[in-house]
Protein chains: 2
Amino acid sequence: MEDTGEQAAPPRKRADARRNEQALLEAAAAVFVRSGVQAPVREIAAEAGVGMGTIYRHFPQRADLVIAVYRHQVEACAAAGPALLESAPTPHAALGRWVRLFVEFLVTKHGLAGAMRDDDAGFAALHGYFLDRLVPVCASLLDAAAAAGEIETDVSALNLMHGIGNLCIGADKDPGYDAGRLVDLLVAGLRRSAVG
Amino acid sequence: MEDTGEQAAPPRKRADARRNEQALLEAAAAVFVRSGVQAPVREIAAEAGVGMGTIYRHFPQRADLVIAVYRHQVEACAAAGPALLESAPTPHAALGRWVRLFVEFLVTKHGLAGAMRDDDAGFAALHGYFLDRLVPVCASLLDAAAAAGEIETDVSALNLMHGIGNLCIGADKDPGYDAGRLVDLLVAGLRRSAVG
DNA sequence: TCAACATACGGAGCGCTGTTCCGCTTGTCA
DNA sequence: TGACAAGCGGAACAGCGCTCCGTATGTTGA
């Protein structure tokens, strides 16, 4: 070992390469929501307006792309929490909007297990990362709404997220099942006034 | 509706058809253990010595075959419990042999989730069937060994099966990981004398 | 016992997938 | 601005699940 503490300098990427990687991440997220995570790689390439070679340069295997989108969405979801708390009219409204982002994200999460069929340990690690990152964000939204007196206080963030996750199971299979609507109802049900 | 109570007579199958179905079930089980559940349909057909058409006549989709093998193995595993209790020298030996069957079976079970990616409800139903059928069998083996004073009594059947299931996670991925050996150790550890 | 016929079989072939490969394009920097 | 590494597009490849249809065989009534 000859480098001590000094990371091997990552040679800065070309501008178009960085742009394409970002475009792919966004295109994949959109396609996953529209067609499910098992959507063909070609469809994602088309959505992003790039060729097959480009996709495989950035993500050597299909699963790498799924994982990258997953991480990207976890980060976006985590960052959206505080932002919504500032921009939304009330903490409860912020919670509602955040949960909607979370539901979109779950499409990718539910497909992740399939994409990582051969790597249970890796999946568990990613799931842990997801919990570490998102539960505190959800909790802060919940706390803010509680502090404003808007909602009941007997539901934990982990509990709520678990419930939402379960409501979304099978949402991609049955087109008559509107998970988003049910999740909205669940969040609405948290309101103090809803109890009467 | 014109039949009341009378099931539409299932027209008896031809002898070779029944034979092939059975051969397919056994071949698939063998191939799943050897190459994993994601083994190509062609490999199973070859193992059974039949053509592709035959396999798809009996099991219209790949997943149907996986499910059929799964049910078949649950039944075989359930039936093996009492049989082993009679034939093995001691209840603890019977337990050890039964657990070995159970581990082989888990290969199929772990692949089932992948095969049924689009049917969470169906998977849950099958998992329930698996618990209903196998937990009592494992419990009776455990009880017999406990009654003979061979083992500790503070581990439930569900607990033990859960632990074994977890030990087998990822066993197909890492060739250096010998799940079977670890499971043997776990069962050996149940022995009363093992505690000292 | 022996046609005659429905049933079941085998395997080439289809359409789709993930992935590779390579000639061409483009951003970067002296 | 020119030279060249870095990056791109998409045709081509291998392997998959599944279908189709000509052929073979178990079954059944005479």
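Just so it is clear: chains get the letters A, B, ... in the order the sequence lines come, proteins before strands, and each one is counted from 1.
Of the candidate nucleotides D:dC18, D:dG7, C:dG18, D:dG7 has the atom lying nearest to any side-chain atom of A:Arg57. Ranking D:dG17, D:dG10, C:dA12 by closeness to the B:Met52 side chain, first place goes to C:dA12. Candidate nucleotides D:dG9, C:dG18, C:dT19 were compared by shortest atom distance to the side chain of A:Pro40, and C:dG18 ranks first. Taking every side-chain heavy atom of B:Ala15 into account, D:dG26 is the closest of C:dT28, D:dG26, D:dC18.
OP1 or OP2 of C:dC9 sits under 4.0 Å from a side-chain N or O of B:His58. An OP1 or OP2 oxygen of C:dG10 is reached within less than 4.0 angstrom by a side-chain nitrogen or oxygen of B:Thr54.
Contact detail for B:Gly81 and B:Val137: the closest heavy-atom pair is CA-CG1, 3.7 Å.
Judged by atom type and distance alone, A:Arg14 reaches the base of C:dT26 through a side-chain donor-acceptor pair under 3.5 Å. You won't find any donor-acceptor pair under 3.5 Å spanning the side chain of B:Arg42 and the base of D:dG15, going by distance alone.
Along DNA chain C, the nucleotide nearest A:Arg18 and the nucleotide nearest B:Asp16 are compared for position; the residue whose nucleotide lies closer to the 5' end is B:Asp16.
With a 6.0 Å cutoff to the six-membered ring centre and a 45° limit on the axis angle, A:Lys109 does not count as a cation-pi contact of A:Tyr70.
A salt bridge is absent between A:Glu152 and A:Arg191: the closest approach of a Lys/Arg side-chain nitrogen to an acidic carboxylate oxygen does not fall below 4.0 angstrom.
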